[in-house]
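Presented below is the structure to which this report refers.
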Amino acid sequence: MLKGNTAIITGGSRGIGAAIALKLASLGADIVLLDIGNEDKAAEVREKAEKEFGVKTGYYSCNVADFEQTKAVAARIGKEFQNVTVLINNAGITRDGLILTMNEAQFDDVISVNLKGAFNMIKHCSRMFMKNKCGRIVNISSVSGLSGNAGQANYSASKAGLVGLTKTVAREFASKNITCNAIAPGFIATDMTADITAENNPLAAAIPLGRPGSPEDIAGAAAFLVTAPYVTGVVLRVDGGLGM
Ligand code: NAP
């Protein structure tokens, strides 16, 4: 289904990003993983994708918050991989704290990685998508960005910002066969949420479907959005009903 296409997945070496990378590889896409410096973890994902699905893979260490680094990496990927048409903006961090105690660096760091990082990648990949006459962008937002979450002013703002970015990119590039959609996951079992349980967090206990999501739950939604040419500007909640 995606054979002959290359997908870039930021934060693709572990958690949700790794599951999305493997799902897209299973559909035939060559995959390029980007993260700060988790080359060993990335190697495991790459080996699995190459062995099980026979696709080409790549890894680049890159801080998505850095405008110049993302520019250079996007250019390299364009030279080293064929027909880059998919971008999954998944890299994200948390620096939680109530506003009364949150400092400036906590706020700035989260906005820089989660929101500016997506802008940087979209900015530097969009000409490549136009040249390839196709683009499928998926931004990983969060239910925190839709409903807010006490202790996550920085994170919620970054994820709400991604919703606005998604809809604007969808409008600006619609005429170029470039779609842009967002996924808003609820609680997904990864390193990021390792400390959260139904026992210590009332929101986790309130999931209507009665379980945290898996990275594969998000990967399935990402694969849908990447292969749905008539869907753009959508924010898809994948949260077990949490955000209803
Ligand atoms: P995770 O396990 O903590 O993985 C985060 C990934 O992002 C890692 O690969 C990390 O790279 C990468 N990353 C962090 N900062 C980066 C930077 N500056 N530049 C490049 N890569 C960077 O997180 P996850 O749970 O899979 O979450 C993935 C996405 O889903 C995030 O955007 C998160 O906000 C969102 N989300 C998660 C949940 C959840 O419940 N887990 C819910 C809603 C939304 P390194 O390995 O090099 O550190």
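Since the structure is predicted, the reported quantities are computational estimates derived from the model, not experimental observations. Every number for a ligand or one of its atoms is a count from 1 in the order of the listing.
- Within the 4.0 Å heavy-atom criterion, neither part of K41 lies near ligand 1.
- Within the set S141, S112, S158, the minimum heavy-atom distance to atom 44 (C) of ligand 1 is found for S141.
- Note: an N/O pair closer than 3.5 Å links G186 and ligand 1 by distance alone.
- For ligand 1, the polar-atom distance check finds an N/O of N38 within less than 3.5 Å of one of the ligand's N/O atoms.
- Among V143, D191, N90, I140, the residue whose heavy atom lies nearest to atom 31 (C) of ligand 1 is N90.
- Under 4.0 Å from ligand 1, the heavy atoms of T193 that appear belong solely to its side chain.
- Side-chain contact of D109 with S112: a donor-acceptor pair under 3.5 Å is absent, judged by distance alone.
- Ligand 1 has an N or O atom lying under 3.5 Å from an N or O atom of R14, backbone or side chain.
- From the protein, the heavy atom lying nearest to atom 40 (O) of ligand 1 is I188 N, 2.8 Å.
- With sequence neighbours left out, the side-chain hydrogen bond (donor to acceptor under 3.5 Å, both in side chains) criterion links Q82 to D30.
- Of the protein's non-hydrogen atoms, the one nearest atom 20 (C) of ligand 1 is C62 O, 3.2 Å.
- R127 and N132 share no donor-acceptor pair across their side chains, judged by distance under 3.5 Å alone.
- Counting heavy atoms closer than 4.0 Å to ligand 1, residue I93 contributes side-chain atoms (C-beta onward) but none from N, CA, C or O.
- Residue I16 places at least one N or O, backbone or side chain, under 3.5 Å from an N or O of ligand 1.
- Of the N and O atoms on the side chains of S156 and N149, not one donor lies less than 3.5 Å from an acceptor on the other residue.
- By the 30° and 60° cut-offs, the orientation of the rings of Y60 relative to F81 is perpendicular.
- A donor and an acceptor atom, one from each side chain of N139 and T166, are located under 3.5 Å apart.
- A donor-acceptor contact closer than 3.5 angstrom is absent between the side chains of Q106 and N154.
- Checking only distances, V64 does come within under 3.5 Å of ligand 1, N or O to N or O.
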